Amino acid sequence: MNLNDEVRKYIDDLFKDVGKSQQLFDLKQELVTNMHERIKDYQKQGMSDEEAFKEAKVSMGDLSGLVDDMREAGREEAKGEVYSSMTNRISTGGIVISVMLIVFGFLMTISMNFMDVAAPAKSGTSIFIVIGGAILTYSLLARETARKYAMNRIRAVLYALAVGVSLFGIFVGVTSGLATGEMFIAFSSSTIFLVIGIGMFVSLMLSEKVDRTK
Amino acid sequence: MSTNISTDLIRGHTVTIILNILRQGDSYGYEIYKKIIELSQNQYELKEATLYTAFRRLQKEGLITSYWGDETQGGRRKYYRITEDGLKKYQQNKEEWLFAKDVLDQLITGGDQSESK
């Protein structure tokens, strides 16, 4: 076994029952590098490989405090992974449900139009598209993908609200237009919702500070 | 080489000692270890474990930062650099020490004159 392997094995053994984390990886690299330099110095003083390695181990001191520190770091990292897989699962559920809602709302609206019902009722079921659209927006944004980190949950909710309110505006416009048969009522009733919804959306876009790309 | 100063005496000053070395330039673990021995003229050896624990704490407190060197031969070194806050902390600790040093000296060795009176 050569010295490189022995040093690596010695450091690995020190932390062998510690959960993996970036911090642990870095600390081990740091310890290995410094141990090699120390061994080199001892060799210059005329020590053999074995003697130098033994001396280097002695001067390391009591690493139990660091091991505890690293164990803590490993636990935190594991918690983070559980958390992110949890949010991704919730987001997957959200996408499935919202797509179902949208398809349901869409098909119901079409079939209502072939049914003999009063005009305002024809667009009524498309409210499901509005709800589905909002949930879909949230689920897509609060999801961690291979290339992007998940958006902060509060921001994702605000985006979902912006989309929801805008869609609701369209819904209200179509429904009231059908109910009264007047285009001006259709537009005026949807205006307030569209203004609020799009306003929210634009202000969210402009206040985007965090780059979520990995 | 053996530890010639009692560890209890020096423990509270580990941070200041490291900051003193880093304020004179960026450095890495083993080099800092050697500098401490050199500065103490072989009277004191700070164990590596203590050193790395201190690095972690100093980093958490924002008194130092770290970066990887670009050595190609052998492993890469992790360098430490003192921050503005670190420099302030060093100044403060130094002043406290200079003040305490004289008082402690009086407390531990003083009193002979009044006794003889």
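On a predicted model such as this, the values are computed, not experimentally measured, just so you know. Letters go in sequence order (proteins before strands), and every chain restarts at 1. Just the heavy atoms: all of them, side chains too, but no hydrogens, waters or symmetry mates, feed the values below.
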Q: Would you say that more than 12 heavy atoms from the other residues, nucleotides or ligands in this model lie under 6.0 Å from the CD of B:Q41, or not?
A: no
Q: So between chain B and chain A, what donor-acceptor pairs come in under 3.5 Å?
A:
{"unit_1": "B:Y28", "atom_1": "OH", "unit_2": "A:E37", "atom_2": "OE1", "d": "2.8"}
{"unit_1": "B:Y30", "atom_1": "N", "unit_2": "A:N34", "atom_2": "OD1", "d": "3.3"}
{"unit_1": "B:Y30", "atom_1": "OH", "unit_2": "A:D41", "atom_2": "OD2", "d": "2.8"}
{"unit_1": "B:Y33", "atom_1": "OH", "unit_2": "A:R38", "atom_2": "NH1", "d": "3.1"}
{"unit_1": "B:K34", "atom_1": "NZ", "unit_2": "A:D41", "atom_2": "OD2", "d": "3.1"}
{"unit_1": "B:E48", "atom_1": "OE1", "unit_2": "A:R38", "atom_2": "NE", "d": "3.1"}
{"unit_1": "B:E48", "atom_1": "OE1", "unit_2": "A:R38", "atom_2": "NH2", "d": "2.6"}
{"unit_1": "B:A49", "atom_1": "N", "unit_2": "A:M60", "atom_2": "O", "d": "3.0"}
{"unit_1": "B:Y52", "atom_1": "OH", "unit_2": "A:N34", "atom_2": "ND2", "d": "2.6"}
{"unit_1": "B:R56", "atom_1": "NE", "unit_2": "A:D69", "atom_2": "OD2", "d": "2.7"}
{"unit_1": "B:R56", "atom_1": "NH1", "unit_2": "A:Q23", "atom_2": "OE1", "d": "3.1"}
{"unit_1": "B:R56", "atom_1": "NH2", "unit_2": "A:Q23", "atom_2": "OE1", "d": "2.7"}
{"unit_1": "B:R76", "atom_1": "O", "unit_2": "A:T33", "atom_2": "OG1", "d": "2.9"}
{"unit_1": "B:R77", "atom_1": "NE", "unit_2": "A:E37", "atom_2": "OE2", "d": "2.5"}
{"unit_1": "B:R77", "atom_1": "NH2", "unit_2": "A:E37", "atom_2": "OE1", "d": "3.4"}
{"unit_1": "B:R77", "atom_1": "NH2", "unit_2": "A:E37", "atom_2": "OE2", "d": "3.0"}
{"unit_1": "B:Y80", "atom_1": "OH", "unit_2": "A:E30", "atom_2": "OE1", "d": "3.2"}
{"unit_1": "B:Y80", "atom_1": "OH", "unit_2": "A:E30", "atom_2": "OE2", "d": "2.6"}

Q: Tell me, yes or no, whether the heavy-atom count around A:I154 atom CD1, taken from other residues, nucleotides or ligands under 6.0 Å, exceeds 12.
A: no
Q: Which heavy-atom pair separates B:A49 from A:G61 by the least distance, and what is that distance?
A: CB-C, 4.2 Å
Q: Under 4.5 Å, counting heavy-atom pairs only, tell me which of A:L31, A:L66, A:V32 racks up the most with chain B.
A: A:L66
